[in-house]
Amino acid sequence: MLMRTDPFRDLDRFAQQVFGAPGTWSKPSVMPMDAYRAGDEFVVCFDLPGVDPGAIELDVERNVLTVKAERRPLPTGDDVRMQVSERPLGVFSRQLFLGDTLDTEHITAGYEAGVLTLRIPVAEKAKPRRIEIAGTGERKEIKA
């Protein structure tokens, strides 16, 4: 269903967590996700708390799903002095290589409580099916 091809992606994510560098459009941070199959659909959930839904981009091209989002700083005035700033800001991105068994034409997306949820139906050709065996019912005798 879902193919992971970049072995260094987790190492990059770890380095960004340790060093705290904000993501940019040329080198975005990785967003955490969960992925599972529920019946006849594949579900992917991305954690994007504090991201405006208008700042999320979803693209599919040749079975590659790309999710990009930007968490911008809160608007502050000149009289505001930040005391604690731990929430990561910047650009986040994730690419998923979808198998041919998924129907990329009918992906649905919803955003609620800071979680972007994508539902990707399993293609008809990938669903289990029963194959009937045809028989003629005729018996033939072999004469020796």
Side-chain angles (χ1 to χ4, degrees), residues 1-140:
M1 296 288 171
L2 177 68
M3 296 176 276
R4 293 180 64 139
T5 60
D6 188 356
F8 299 105
R9 192 70 159 172
D10 290 331
L11 185 61
D12 285 344
R13 186 173 76 184
F14 176 72
Q16 286 178 340
Q17 287 174 345
V18 171
F19 300 117
T24 63
W25 283 104
S26 61
K27 184 152 178 70
S29 299
V30 177
M31 63 188 81
M33 70 168 218
D34 290 335
Y36 57 92
R37 182 171 174 170
D40 286 339
E41 65 183 3
F42 193 68
V43 181
V44 185
C45 300
F46 298 94
D47 278 348
L48 294 170
V51 174
D52 185 302
I56 300 173
E57 295 178 11
L58 291 172
D59 295 310
V60 177
E61 183 177 346
R62 293 187 181 183
N63 286 1
V64 177
L65 172 73
T66 303
V67 180
K68 285 188 179 180
E70 183 177 11
R71 183 180 299 125
R72 298 178 180 107
L74 296 172
T76 58
D78 294 334
D79 59 341
V80 174
R81 291 187 314 181
M82 187 63 74
Q83 300 297 312
V84 178
S85 179
E86 296 178 347
R87 296 174 46 210
L89 301 174
V91 179
F92 301 86
S93 179
R94 195 77 183 244
Q95 279 192 323
L96 303 177
F97 296 91
L98 306 176
D100 292 332
T101 59
L102 297 175
D103 184 0
T104 58
E105 297 293 321
H106 296 97
I107 297 175
T108 59
Y111 183 76
E112 185 176 339
V115 177
L116 174 66
T117 303
L118 305 179
R119 297 185 179 279
I120 310 167
V122 174
E124 284 297 319
K125 67 181 179 182
K127 292 180 183 176
R129 61 190 178 282
R130 185 173 202 98
I131 300 171
E132 296 295 324
I133 301 171
T136 60
E138 293 181 22
R139 288 184 156 184
K140 293 189 177 185

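Sequence positions, counted from 1, serve as the residue numbers for this chain.
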- Message: With side chain to side chain contact (heavy atoms under 4.5 Å, CB included) as the test, pick out the partner of Phe42 among Leu102, Leu118, Thr101.
- Response: Leu102

- Message: Counting C-beta onward and ignoring hydrogens, is there a side-chain heavy-atom pair between Asp47 and Pro49 closer than 4.5 Å?
- Response: yes

- Item | Interatomic spacing from CG in Leu116 to CZ in Phe92 - rounded to 0.5 Å | 13.5 Å

- Query: Taking atom CG of Leu89 and atom CD of Glu70, what is their separation to the nearest 0.5 Å?
  - Reply: 9.5 Å

- The reported gap from CE in Met31 to NZ in Lys68 (rounded to nearest 0.5 angstrom) is 10.0 Å

- Task: Mind checking the CD1-CG spacing from Ile107 to Leu58? Nearest 0.5 Å is all I need.
- Result: 8.0 Å

- Stepwise, does the side-chain contact (heavy atoms from CB on, under 4.5 Å) test hold for Arg37 with Val122? CA-CA 9 Å; Arg37 182 171 174 170; Val122 174; 3.8 Å; yes

- Task: For the residue pair Val67 and Met33, establish whether any side-chain heavy-atom pair is separated by less than 4.5 Å.
- Result: no

- Note on the structure: Smallest heavy-atom separation, Tyr111 atom then Gly50 atom, equals OH-N, 4.3 Å

- Is there a side-chain contact between Val51 and Ile56, using heavy atoms and a 4.5 Å cut-off? yes

- Any donor-acceptor pair under 3.5 Å linking the side chain of Arg71 with the backbone of Leu48? no

